[in-house]
**Student:** 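I have a structure here, written as structure tokens, and I will follow up with some questions on it.
It should be emphasised that the depicted structure is a prediction, and the values quoted were computed from it without experimental measurement.
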Amino acid sequence: MNPGTELGRYTVETRIEEIPGGERWAARDTTLDRDVTLVVMPSDADSTAAALDAARRAAGVEAAQLVRILDVGSEDGLSFIAEDAVGDATTYTEAIGTDGLPAEEVRRITGEVATGIEAARARGLHHLALTPDLVLLTGDGRVKVQGLATAAALAGIETEGEEADRDDATGVVALAYAGLTGTWPLDRPSGLPSATRDGSGPPPPSRVAVGVPGDLDTICRETLGEGTGPDSPGDYAAQIAPWSRIPLAGALRTAPSAADETTHAVPTGSRSDTETPDEAGGSGAAVAGGALAGGAAVASAADGDETTAIPRESDDEVTREINLGQREGVTTTITRGDETPAGRSQRSRAARDDDSTQRLPRERSRDEGSRDESAHGRRTAAAAAAAAAAAAAAGAVGTGGKVLGDRLGKAAKTAGGRSREAIHDARARREAIRADQRTRSSLGSAPTTAEVEAPAPLLPAEAGAPPSRRQANLVLVLMAGFVALACLFGGIGASRIGSGSDLGRILGGDETTAVATSEDTGGSGSSSGGGEPLAIANAAGYDPAPGDGVEHNAEAPRVYDGNPDTTWTTEGYGSEAFGGVKQGVGITVDLGQSQSISSVTLQLPTSAQATVFAGEQPANSGTEVGRTQGRTGEVELQPSSAVNGRYVTVWFTSLTPSDDGRYRAALGEITVR
């Protein structure tokens, strides 16, 4: 297939990607003049029939987090699924990149994905093939999921019931792991590198990245490593809630960056002869203040050179792992914390003098010349150098170092306590949800409970003894009294039978009686006040060819919910005459079986031209009940003769302008008598 190929009413433009079982193309709907995305596959492929069936079922699911399916069809040996085009979106894979995403942004994205998949699960559908490539992030921060049920059908995945719920929950947790670490923990293909694995699965995110919240880390470990975790996408959403609906901007990422940062080195060795203790203390305080405000400092000592490197500010900085190592000296890396104005000020002063790294050698100890004599001497000299570096750093920091240590210790204790409380709360919510699911019952079965206590006795124990003779005689007297009263009232009633009737006329006397009749002035139909409304079993949009057969079907039940304020509307069109692409659209209600119809009452929010038809099939022709021309509010239509039918179709032949510049028709309520 090439650009310009026509598939039904769609013109193929550019190929987006190749997917299992087919290809995804950008296309143009020439009938409705809009951009769409087509999933194209060979009609004779083994997975095509299952994918088309899954797409038809998924089209009925409306959730803000799911990419809507618009059409399904086949032509010239090719089958296609038309989806909403999300033109300004990037994939979750591209957003993650090599640096990961901020933890709270991961919480928001995966929470929205879980909410959309849970809405589909309530309709009996599952995704079963979640990957970062199928999660789209629009320019305004909305989350969209592609491939509901269809991606799994194309890949040949067939899972149902609780196992399918669990698979989707695992897929959402894997998306969270990918956002935190920049790696993909599952076996299904993805655009991210695969996560490392040991005997029990991938390592917890806290071992790979920094700043991982305790609840997300626990869920990833339990789900991907221990085989437990949430039982469904809704269970996952309940455990990580709440999250912000607004995307995070400028937050620190959790995964280690692959790129090195430019550093500015300042000496931390012993003070020079001209430096005063006050000056040294001031330098240490400045460095300590930068670290406390969130700046990252790196101190290295190797072969006699000792420097402290402070990363420069950049437009997109990421956090680093805490790395403590030793290589003929001491190398210490302190991870950046919160971005505060104090931290930025300290780093700016440290980097103001020069854009390149400046390294100033410290004075060598007089004992360093003996390090080549023996291995023992080298180890001794290295230890002495490390001790000297530590002493020099402590002297430079001075009193500010002690305050810094105390504050960092208190912050660590507070963060640890909050993490433990979050983990405890998440586990309590998970256990409550599982307990609630265990006590649920299906339709037609008795509710299940763990234990039912025996009811308390309503009568004293002696009430079970046989009645005495006196009690038995009293009961017999009462029963005889009731029988006597019944006989008395029965005799009185029987004696009055026929007292108000003319038996002569009833038995065929000679007299005749004229019966008055009233003339029917309102036609054969009855008014809206006569007759009970007929029950409506179902409703659906009616859009025959050249339409796509669907017209906001999800809104159709609103026309018989008893609330005129909830309305069904048509799709938006370019003009009052449907943009010249069709003659009309409508909505059909199903009465369950053929009924005698005396009137149809419509609640019309906007003026429109509409005709009501009744018959054994949904149709825009046949037996006409009545029509309305430009009326609004409550409109009652009565047929001129008896009408029978199971389906009642309201066929709109004109539209009304709406606020968004498009043309639509609407129906608030329909009542059939």
Side-chain angles (χ1 to χ4, degrees), residues 9 31-32 56 59-60 62 70-71 533-561 563-564 566-592 594-595 597-639 643-658 662-673:
R9 69 190 197 191
T31 300
L32 298 180
R56 293 186 183 96
E62 290 195 6
L70 305 174
D71 192 11
L534 300 177
I536 297 177
N538 199 358
Y542 181 67
D543 187 15
D548 57 4
V550 178
E551 194 74 18
H552 283 184
N553 286 3
E555 298 178 1
R558 299 177 180 177
V559 302
Y560 62 93
D561 61 357
N563 183 5
T566 59
T567 62
W568 167 87
T569 61
T570 66
E571 295 180 358
Y573 294 89
S575 67
E576 181 180 356
F578 301 90
V581 299
K582 57 181 70 173
Q583 299 299 318
V585 295
I587 183 171
T588 298
V589 296
D590 182 3
L591 303 179
S594 183
Q595 304 273 6
I597 300 172
S598 62
S599 68
V600 175
T601 304
L602 307 177
Q603 292 286 348
L604 297 173
T606 59
S607 62
Q609 296 181 4
T611 305
V612 179
F613 298 94
E616 299 304 319
Q617 297 292 335
N620 57 353
S621 62
T623 304
E624 180 178 325
V625 177
R627 63 179 60 192
T628 175
Q629 299 286 340
R631 297 175 61 185
T632 60
E634 182 175 313
V635 178
E636 181 183 2
L637 305 176
Q638 296 181 355
V643 173
N644 292 312
R646 174 179 175 178
Y647 296 94
V648 176
T649 302
V650 182
W651 179 251
F652 292 95
T653 56
S654 69
L655 303 174
T656 303
S658 56
R662 309 290 288 177
Y663 290 80
R664 293 180 172 86
L667 178 61
E669 200 75 18
I670 180 171
T671 305
V672 183
R673 291 183 170 86

**Student:** Which atom names give the shortest non-hydrogen contact between Thr606 and Thr632, and what distance separates them?
**Tutor:** C-CG2, 3.4 Å
**Student:** Do Thr611 and Glu624 make a side-chain contact, defined as non-hydrogen atoms from C-beta onward lying under 4.5 Å apart?
**Tutor:** yes
**Student:** Spell out, as yes or no, whether a donor-acceptor pair under 3.5 Å connects the side chain of Thr588 to the backbone of Thr649.
**Tutor:** no
**Student:** Do Val589 and Val559 touch side chain to side chain, with heavy atoms closer than 4.5 Å?
**Tutor:** yes
**Student:** With the side chain counted from C-beta on, respond yes when Glu669 and Thr601 share a heavy-atom pair under 4.5 Å apart, and no when they do not.
**Tutor:** no
**Student:** Just by distance, with hydrogens left out, do Ser594 and Arg646 show a side-chain donor and acceptor under 3.5 Å apart?
**Tutor:** no
**Student:** If you take all heavy atoms of Gly541 and Ala556, which pair is closest and at what distance?
**Tutor:** N-CB, 4.3 Å
**Student:** State, with a plain yes or no, whether a side-chain heavy atom of Asp548 is found less than 4.5 Å away from one of Arg9.
**Tutor:** yes
**Student:** Could you grab the distance from atom OG1 of Thr569 to atom CG of Leu655, nearest 0.5 Å is fine?
**Tutor:** 11.0 Å
**Student:** Given the side-chain rings of Tyr663 and Tyr573, with only the six-membered ring counted for Trp, is the space between their centroids under 6.0 Å?
**Tutor:** no
**Student:** For Thr567 versus Gly668, what's the shortest heavy-atom pair and its separation?
**Tutor:** CG2-CA, 3.8 Å
**Student:** Just how far is it from atom CZ of Phe652 to atom CD of Gln609, taken to the nearest 0.5 Å?
**Tutor:** 11.5 Å
**Student:** Please report the closest heavy-atom contact between Ala614 and Val625, naming both atoms and the distance.
**Tutor:** CB-CG2, 3.9 Å
**Student:** Backbone N or O of Arg673 within a donor-acceptor pair of the Ser598 side chain at under 3.5 Å?
**Tutor:** yes
**Student:** Please indicate whether Gln583 has more than 12 foreign heavy atoms, meaning atoms of other residues, nucleotides or ligands, lying under 6.0 Å from its CD.
**Tutor:** no
**Student:** Under the criterion side-chain contact (heavy atoms from CB on, under 4.5 Å), I'd like the reasoning laid out for Phe578 against Val585: C-alpha separation, chi angles, the key distance, then a yes or no.
**Tutor:** CA-CA 9 Å; Phe578 301 90; Val585 295; 3.6 Å; yes
**Student:** Report the C-alpha distance between Gln629 and Arg627 in whole Å, list the side-chain angles of each, state the deciding distance to 0.1 Å, and finish with yes or no for side-chain contact (heavy atoms from CB on, under 4.5 Å).
**Tutor:** CA-CA 7 Å; Gln629 299 286 340; Arg627 63 179 60 192; 3.9 Å; yes
**Student:** Below 4.5 Å, heavy atoms only, C-beta onward: do Leu32 and Glu571 meet side chain to side chain?
**Tutor:** yes
**Student:** State whether the side chain of Thr656 and the backbone N or O of Ala665 hold a donor-acceptor pair below 3.5 Å, judged by distance alone.
**Tutor:** no
**Student:** Sub-3.5 Å donor-acceptor pair from the side chain of Gln603 to the main-chain atoms of Ile670, do we have one?
**Tutor:** no
**Student:** Look only at the side chain of Trp568 and the backbone of Glu551, and say whether a donor-acceptor pair between them is shorter than 3.5 Å.
**Tutor:** yes
**Student:** Which pair of non-hydrogen atoms, one from Pro605 and one from Ala666, has the smallest distance, and what is that distance?
**Tutor:** CD-O, 3.6 Å
**Student:** Do the non-hydrogen side-chain atoms of Asp590 and Ile536 ever get within less than 4.5 Å of each other?
**Tutor:** no
**Student:** Any non-hydrogen side-chain atom of Ile587 less than 4.5 Å from a side-chain atom of His552?
**Tutor:** no
**Student:** Return the minimal non-hydrogen interatomic distance between Pro533 and Thr671, and the atom names on each side.
**Tutor:** CB-CG2, 3.8 Å
**Student:** When you compare the side chain of Tyr542 with that of Asn620, does any pair of heavy atoms fall below 4.5 Å?
**Tutor:** yes
